[in-house]
Structure formats: C-alpha cells, structure tokens
Amino acid sequence: MSETKKLYRQIADSIAAEIESGRYKPGDRLPTERDLAVQFGVSRPTLREALIALEILGMIEAKHGHGILVVENKGKAAPISDSEIGAFELIEARRLFEGEVAAMAATLVHDDQIEELERLVRSMDDPDPAKAEAADREFHISIANITGNGAMVACVENLWDWRYRSPLAKTILARAADLGMKQRIDEHTGIMNALKARSAVQARQAMHDHMDRVIEHLLNATEVLAVENAKQASHERRKAMSHRFKALSTGG
C-alpha cells in the first residue's frame, strides 16, 4: 500500500479491492471490526473511518445484529478522493492544534473576553440545535482570536468548517448529532475556567479532554459490534427472565 495515501484510505482501498475481486460477494459478511483492525494493524478510529468511507461508496452496509455486509454495487465504485478528510482525522487535528491555541490564549485573555466566552457557553444551551452549534463554533474561534494571531484563527475556522465540506466527516458527525449537551456545556465551561485562571497547562488539558470525549462519542455513535453484542446480551437476559417467570407461574 502506498505510504502517500491517508491510512484510512489505504485500508478502504484494500477492502474494496477484495470485494471487487470477488473474495467477498454481495450478502457476505466481512470479518469483525476487531479482526480487521488486527489484520491491518490499525486503531479503531482509522478502521471505522475506512468502513464508513466504503459505506458512503455503497459497497458495504453495517446492519445491527448482522455485522458488516457487502452489498450489491451497481458498477465500479468511484475512487475515494485524496482530499477527503474524515471526522476522526479532523478531531485529532483539532485536539493537537486547539490545545496549543487554548494554552496561548490563557496567557493573553482579558476579562471582557472571558465574559464573551461565558455568553457563548450559555448560548450552547439553546433549544435550537443550529444556534447551539453556531455558539460552539464561535466559542472555539473566539479562543483563537484571543491569541491575536490571524493564522491561528484561520486554521481553527478551517478545521471546524471541514465538517461541512467533507462528506465522510459529515456522515460520521451526523451520526453523533446527539452528543450529550450537558457534557458538552460542562467541558466548554472547564475550558473557559482554565482560561479565566490564566493557566496554559489547564487550558491545554481541558481542550484535550473535550476532544478526547468527542472522539470516544464518535466511536460509540458509529459502533457496530457494541450494538450487536448488546443485542445478544439483551436477548439472553430476556430469555433467562422468561424462564424464571415461567417457573414461578407454574410453581416449578
């Protein structure tokens, strides 16, 4: 596999080649995510990104209770664009970059800027999801503005807005649209309090903690095996309870 390609795309291309060669036919189930991750030697986020890319291309479908199935593909799938950026890549980049932006901002922030951040955190509780997300975006850009560095502001804006330009990122983030609002507000409050304390170390860590939870939430929102295992466990519990109730009702 070429080292110049993004890792998730290398994995997606390899699986796509196996499907197109006939190794996996329509209706076949792919190996589990765990097995695929071991096979390719990659992390869960990278593998999940590759599978969702293939899903967007119409080559596979994740079905609860059935795993990852190959679907009938009408003609050869379009190649995955070199410019495509996935949600996990995006959040990883934001974690690295915005952590340092927050650390720098903590050494430069003024009281009136803290007040603006407090207003934006309150606005994140708006019942209109679009307004809440707009406040979230403005919060992160406002922190970049505190640095007084135009390049940093442009980078934060660009990283945020990739979620709208990238079909892959947009698909994954849409599945995570129920990101816990209370947790999100608490995390942004933590970032704001670290800035208020003028602590670069605390601000960096608070931003990292926030991004780490976003990554974990994205993993949960796109989980296949967890849902499958949970359904199986639920079925076993229901069966056991049914036997107990039946035994009690018959006096057995």
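Nothing here was measured: the structure is a model prediction, and the numbers come from that model. FYI, the numbering just counts along the sequence from 1.
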* To do: Report the C-alpha separation of His140 and Asp136 in whole Å, then their side-chain angles, then the decisive distance to 0.1 Å, and conclude whether the side chain to side chain donor-acceptor pair (under 3.5 Å) test is met.
  => CA-CA 7 Å; His140 287 272; Asp136 193 343; 3.3 Å; yes
* Would you call Arg119-Glu138 a salt bridge at under 4.0 Å N-O? -> yes
Could you give the distance from [atom1] ([X]) to [atom2] ([Y]), rounded to the nearest 0.5 Å?
X      : Y      : atom1 : atom2 : answer
Glu18  : Asp28  : CD    : CG    : 12.0 Å
Met59  : Ile19  : CE    : CD1   : 4.5 Å
Met207 : Arg95  : CE    : CZ    : 11.5 Å
Ile191 : Phe139 : CD1   : CZ    : 5.0 Å
Thr189 : Glu118 : OG1   : CD    : 9.0 Å
Arg137 : Arg163 : CZ    : CZ    : 10.0 Å

Tell me, do [X] and [Y] make a side-chain contact under 4.5 Å, heavy atoms counted?
X      : Y      : value
Phe97  : Leu159 : yes
Ile15  : Phe40  : yes
Leu7   : Gln10  : yes
Val153 : Glu157 : yes

Write down the atom of [X], the atom of [Y], and the distance for their closest heavy-atom approach.
X      : Y      : answer
Ser142 : Leu120 : OG-CD1, 3.6 Å
Ala203 : Ala102 : CB-O, 3.5 Å
Val71  : Gly58  : CG2-O, 3.0 Å
Leu54  : Ala16  : CD2-CB, 3.9 Å
Val70  : Lys25  : CB-O, 3.4 Å
Ala144 : Thr147 : O-OG1, 2.6 Å

So, does [X] use its side chain to make a donor-acceptor pair with the main chain of [Y] at under 3.5 Å?
X      : Y      : value
Glu49  : Phe88  : yes
His188 : Arg184 : yes
Arg198 : Lys196 : yes

* To do: Could you give me the CA-CA distance, side-chain angles and deciding distance for Asp161 and Arg94, then say whether salt bridge (Lys or Arg N to Asp or Glu O under 4.0 Å) is met?
  => CA-CA 11 Å; Asp161 292 340; Arg94 287 187 61 198; over 6 Å; no
Report, one line per pair, each donor and acceptor closer than 3.5 Å where one atom sits in a side chain of residues 103-110; sequence neighbours left out.
| from | atom 1 | to | atom 2 | distance (Å) |
| --- | --- | --- | --- | --- |
| Thr107 | OG1 | Met104 | O | 2.7 |

* By salt bridge (charged side-chain N to carboxylate O under 4.0 Å, His left out) - contacts of Asp209 (at least two apart) -> none
* Stepwise salt bridge (Lys or Arg N to Asp or Glu O under 4.0 Å) test for Arg44 and Glu33 -> CA-CA 8 Å; Arg44 288 171 65 207; Glu33 288 191 3; 5.7 Å; no
* Asked: Hey, is CD on Glu92 packed in by over 12 heavy atoms from elsewhere, all under 6.0 Å?
  -> no
I'd like to know if [Y] and [X] are part of one continuous hydrophobic network [Ile/Leu/Val/Met/Phe/Trp/Tyr, side-chain heavy atoms within less than 4.5 Å].
X      : Y      : answer
Val42  : Ile60  : yes
Leu117 : Trp160 : no
Leu57  : Leu51  : yes

